[in-house]
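Note sheet for the following structure.
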Amino acid sequence: MWIAPPIQLNELPQEPGVYRMLNAQRKVIYIGKARNLRKRVSSYFQRQPEVPRTFAMVKQIRDIEFSLAASEAEALILEHNLIKQLKPRYNVLLKDSKTYPYLLLTDEHYPKLRLYRGKRELSGEYFGPFPHANAVHQTLHSMEAIFQLRDCDDATFHHRTRPCMQHQIGRCSAPCCDIVSHRDYQQQVEETRLFLQGKNQTILQQWQTNMQQASKNMKFEAAAQWRDKIQALQSILAGNEQSDLPEEADAIVMIRRAESVSISMGIRRAHCNLGTHNIRLKQASDAEDEEILQAFMMEHYQHEQVPKEILLQCDPSLLAELQKLLKLIQASCSSQLKIPKRGKRLQWIKEIQRTGEQQQAGGNKHDQKPAFEALAELLDLPETPHLIAAVDNAHLSGQHTVAAVVYGGWQGPEKKYYRRYQLDETTKNQYVPDSDDYAAMEAVLSRFYRAIVAGKMPKPDVMLIDGGKGQLDIAIQAAQLAGLKDFKQVGVAKGVSRKLGAEVLWSSWCDGPLKPGIHSPALMLIARVRDESHRFAGEYMRKRKKNSMFHSSLDRIEGIGTAKRATLLKHFGGIDGIKRASRTQLAQVSGISEILAARVFTALHQ
């Protein structure tokens with residue numbers, strides 16, 4: 001033995017159980033399971049571990065406790081529960097242990113489709129799991145327009161006397177008001193069920209038959225409605241179904257970086273990709289692949305149904321142990337574990353790995369270099385940028401117009417370069433008319449670019465302009481007037497849906513727009529910097545609005561101090577009375593000359 005064990009190993013039972021390693025402070029530092037406790041625990045002391053993490057752990061062991069289990073499966077569950085409860089230093093811990101969201105088709109007289117998370121205790125049919133709630137909301141949003149099932153709660157449903165807004169915009173057939181019969185509504189439910197089961201061709205064939213029959217019977221409006229439904233469903237299915245991929249599968253990829261480990265999992269159900277989820281792990285940077293995969297599978301599949309196929313990227317020698325683990329978790333499991341070598345399965349798992357790497361890079365606030373490298377690739381830049389900036393305007397119904405410029409670098413926000421600008425009538429600089437976004441953009445960029453040329457501000461490698469082609473043209477003109485040559489500027493326009501990932505990019509050096517999509521790490525970097533400029537500008541605008549509540553428009557008039565302001569307000573009963581007064585009436589107030597009266601009148605009526 002390379003180190004003396006703290007207990008007599010030959011006294012350990014040769015039965016299944018769970019062992020706990022304790023340090024000098026009697027704190028549990030590691031928990032493990034074993035089919036044979038004596039054999040497994042002895043292995044730690046017989047030869048020196050090659051893995052530094054295991055070596056460091058064994059050097060700290062001062063006592064060993066154990067608990068017997070009736071079977072290896074019971075030991076597995078006990079180990080899992082103890083790890084979650086005690087969080088030992090040398091066990092792999094999942095940072096994300098939430099339950100996954102599902103779509104629930106309720107078992108009611110008039111069923112509804114809703115998001116559900118938690119134990120599946122409600123009666124109905126569950127479809128999923130989805131990697132995150134946003135994927136469920138997107139699916140629901142698309143399905144409501146096609147299948148028109150109700151989404152209201154039961155109390156609302158039973159007490160409505162007229163159809164709600166959902167019916168008015170064509171997203172519910174209004175069974176609450178008997179606009180659709182129970183029989184027709186059940187047909188909608190059945191079509192929804194078929195869609196969620198992946199039997200889309202059955203639905204399309206039936207709708208095409210209905211469309212042809214309606215057309216044959218000269219019911220052209222009904223035929224047009226069936227046509228629109230067919231087109232809407234086909235647009236959802238376009239590019240989603242891939243016959244070469246399994247009907248039901250999970251793809252699990254382990255992603256290692258210098259100081260972090262994460263699991264990226266792609267989910268596929270009913271021939272459709274439901275998305276990718278990234279799970280970060282703690283205390284796993286020097287853990288072996290087998291331990292990491294076992295910890296993840298134990299946590300995930302203890303609560304979720306094991307799919308028919310699980311695709312992995314790991315050493316083939318691990319498959320047998322992982323297959324055995326699944327059997328212990330769910331005895332009825334018949335899932336096949338595979339390592340793809342070619343074809344669509346390998347392409348899918350590489351896409352999941354790429355997505356996971358992008359999410360991991362984007363989630364690390366202190367290492368943005370991979371995202372900047374992706375930005376250089378997206379925008380076809382000759383070298384990786386080190387510093388980017390974004391500008392945004394903000395106003396409140398045309399008033400209190402302000403702008404903000406923020407910077408971002410490889411290590412995150414560069415707040416020492418943040419700047420704020422006033423662009424309304426209170427500023428001594430260029431005046432901006434109310435709600436004129438182009439004029440506001442021209443005003444702030446002229447001042448900002450002059451500061452860059454004067455050396456007062458660093459020149460960013462890429463400048464992000466909040467807006468589309470029009471705002472970008474204004475920015476290009478401002479840069480040229482300031483003397484900035486070959487300055488890289490990108491207009492960031494929100495897409496039609498105005499959702500994250502739908503942005504359209506316009507660059508000052510390339511023709512045509514770019515639509516990177518939500519899975520682009522470069523776009524996520526752009527969105528983070530843009531959103532920071534939104535936050536900074538909005539914060540300044542709200543601060544100025546709050547301050548203005550304690551000031552009068554008289555404060556800006558030369559010659560009007562505290563005493564004369566109070567005199568005017570008292571004489572006319574408030575600022576509205578002063579605005580209604582003529583020059584002559586203003587001059588009649590004690591202490592107000594004709595020149596000062598004219599100045600007040602002009603200031604309040606310009």
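- No donor-acceptor distance shorter than 3.5 angstrom exists from the side chain of Arg420 to the backbone of Ala403, with no hydrogens or angles considered.
- In this structure a side-chain-to-backbone donor-acceptor pair under 3.5 Å is missing from Trp506 to Pro513.
- Pairs of residues two or more places apart, or lying in two chains, that qualify as salt bridge (charged side-chain N to carboxylate O under 4.0 Å, His left out) and include a residue from residues 19-31 are Arg20-Glu65, Arg26-Asp63, Arg26-Glu65.
- Of all the heavy atoms in Ala56 and Tyr90, the pair that sits closest is CB-OH, 3.9 Å.
- Side-chain N or O atoms of Ser264 include one that pairs as donor or acceptor with a backbone N or O of Ile352 at under 3.5 Å.
- Looking at residues two or more places apart in sequence or on another chain, you find a side chain to side chain contact (heavy atoms under 4.5 Å, CB included) between Thr139 and Leu103, Phe130, Met143.
- Ionic pairing of Glu539 and Arg535 is present here: one or more N-O contacts between side-chain nitrogen and carboxylate oxygen are shorter than 4.0 angstrom.
- Counting heavy atoms from C-beta on, the side chains of Val490 and Ile388 never come closer than 4.5 Å.
- Scanning for side-chain hydrogen bond (donor to acceptor under 3.5 Å, both in side chains) contacts around Asp151 gives Gln166, with sequence neighbours left out.
- Between atom CG of residue Leu326 and atom CD of residue Glu321 there is a gap of 11.5 Å, rounded to the nearest 0.5 Å.
- No side-chain heavy atom of Ile310 sits under 4.5 Å from any side-chain heavy atom of Lys338.
- With sequence neighbours excluded, no residue satisfies ring-ring contact (aromatic ring centres under 6.0 Å, His included) with Trp509.
- In this structure, the side chains of Ile349 and Gln353 stay at 4.5 Å or more apart for every pair of heavy atoms.
- No option in Lys494, Arg530, Lys515 other than Arg530 meets the side-chain hydrogen bond (donor to acceptor under 3.5 Å, both in side chains) test with Glu503.
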Open item on the list: Between Leu122 and Arg114, is the side chain to side chain contact (heavy atoms under 4.5 Å, CB included) condition met? List the steps.
Closed with: CA-CA 12 Å; Leu122 296 182; Arg114 52 165 289 199; 3.7 Å; yes
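- Proximity of a side-chain donor or acceptor of Ser335 to a complementary backbone N or O of Pro307 within less than 3.5 Å is detected.
- Put simply, the side chain of Pro460 does not reach to within 4.5 Å of the side chain of Lys488, judged on heavy atoms.
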Checking side chain to side chain contact (heavy atoms under 4.5 Å, CB included) for the pair Leu525/Arg528: CA distance, chi angles, key distance, verdict? CA-CA 5 Å; Leu525 171 65; Arg528 285 196 296 275; 3.8 Å; yes
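- The nearest pair of heavy atoms linking Gly517 to Leu523 is O-CD2, 3.3 Å.
- Here the CD-CG distance, from Gln294 to Asp289, works out to 11.0 Å after rounding to the nearest 0.5 Å.
- Residues Leu379 and Leu514 have side chains in contact (heavy-atom distance under 4.5 Å, counting atoms from C-beta outward).
- Without hydrogens or angle criteria, Gln60 side chain to Asn23 main chain gives no donor-acceptor distance under 3.5 Å.
- In terms of heavy-atom proximity, Cys314 sits nearest to Ile339 at O-CD1, 3.2 Å.
- Nearest heavy atom pair, residue Val462 against residue Pro385, reads CG2-CB, 4.4 Å.
- Other residues, nucleotides and ligands contribute more than 12 heavy atoms inside 6.0 Å of the CG atom of Asn10.
- Residues Val529 and Ala390 share a closest heavy-atom pair of CG1-CB, 3.7 Å.
- To the nearest 0.5 Å, atom CG of residue Leu68 and atom OH of residue Tyr19 are 14.5 Å apart.
- Exactly one of Tyr102, Tyr126, Phe127 qualifies for a ring pair (Phe, Tyr, Trp, His ring centres under 6.0 Å) with Tyr116. That residue is Tyr126.
- The main-chain N or O of Lys112 is found under 3.5 Å from a side-chain atom of Thr106 such that the two form a donor-acceptor pair.
- Side-chain contact check for Asp250 versus His300: some heavy-atom pair is nearer than 4.5 Å.
- Annotation for Gln48: atom CD counts as buried by contact number, over 12 foreign heavy atoms lying within 6.0 Å.
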Apply side chain to side chain contact (heavy atoms under 4.5 Å, CB included) to Ile267 and Asn273, showing your working. CA-CA 6 Å; Ile267 302 175; Asn273 288 332; over 6 Å; no
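- Other residues, nucleotides and ligands contribute more than 12 heavy atoms inside 6.0 Å of the NZ atom of Lys416.
- Scanning both residues, Tyr44 and Arg40, for their nearest heavy atoms gives OH-NH2, 3.2 Å.
- The side chain to side chain contact (heavy atoms under 4.5 Å, CB included) check on Pro6 picks up Phe45, Ile61, Ile64, with sequence neighbours excluded.
- A donor-acceptor pair under 3.5 Å links the side-chain atoms of Gln330 to the main chain of Tyr301, judged by distance alone.
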Glu309 and Arg268: side chain to side chain contact (heavy atoms under 4.5 Å, CB included), yes or no, with the steps?
CA-CA 10 Å; Glu309 195 170 321; Arg268 185 174 173 82; over 6 Å; no
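- Looking at heavy atoms from C-beta onward, Glu299 lies out of side-chain contact with Ile279 at the 4.5 angstrom threshold.
- Counting only residues at least two apart or on different chains, the salt bridge (charged side-chain N to carboxylate O under 4.0 Å, His left out) pairs with a member in residues 125-138 are Glu125-Arg193.
- For the pair Leu484 and Gln489, the minimum side-chain heavy-atom distance is 4.5 Å or more.
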